[in-house]
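Below is one structure; the comments refer to it alone.
Position 1 is the first residue of the sequence, and the numbers go up from there.
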Amino acid sequence: MVALNLKKILTLLGVALVVFFIVTQPTGAANALGNIGTILRDAANSVTSFFTQVVS
């Protein structure tokens, strides 16, 4: 029961922090999101390349 409440509190704090960051630093938030997108794209390309090499 306590763990569930702690999880809810931490989730709400995380959301509040993200909203605060977006409101106070919109350019920084956009850059961070772009960087995350680049990292995910690079990771997907690496996994695709790995499986392509395994199959061939």
Side-chain angles (χ1 to χ4, degrees):
M1 189 72 157
V2 174
L4 181 60
N5 289 335
L6 182 60
K7 184 177 177 181
K8 283 183 181 181
I9 291 170
L10 290 177
T11 301
L12 289 174
L13 285 174
V15 169
L17 182 63
V18 169
V19 169
F20 175 77
F21 185 57
I22 290 171
V23 170
T24 60
Q25 300 287 330
T27 304
N31 289 338
L33 187 61
N35 290 340
I36 291 170
T38 300
I39 290 168
L40 292 175
R41 185 187 68 229
D42 290 346
N45 286 337
S46 295
V47 170
T48 303
S49 177
F50 170 76
F51 282 113
T52 301
Q53 293 298 320
V54 168
V55 172
S56 59

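Under the 4.5 Å side-chain heavy-atom criterion for Ile, Leu, Val, Met, Phe, Trp and Tyr, Val23 and Val15 are members of the same hydrophobic cluster. Residues Val54 and Val47 share a hydrophobic cluster, clusters being chains of Ile/Leu/Val/Met/Phe/Trp/Tyr side chains in contact below 4.5 Å.
Distance check: Leu12 CG to Lys8 NZ gives 9.0 Å after rounding to the nearest 0.5 Å. The structure places CG of Asn35 at 11.0 Å from CG of Leu40, a figure rounded to the nearest 0.5 Å. Atom CG of Leu10 sits about 12.0 Å away from atom CG of Leu17, to the nearest 0.5 Å.
A donor-acceptor contact shorter than 3.5 Å links the side chain of Thr11 to the backbone of Lys7.
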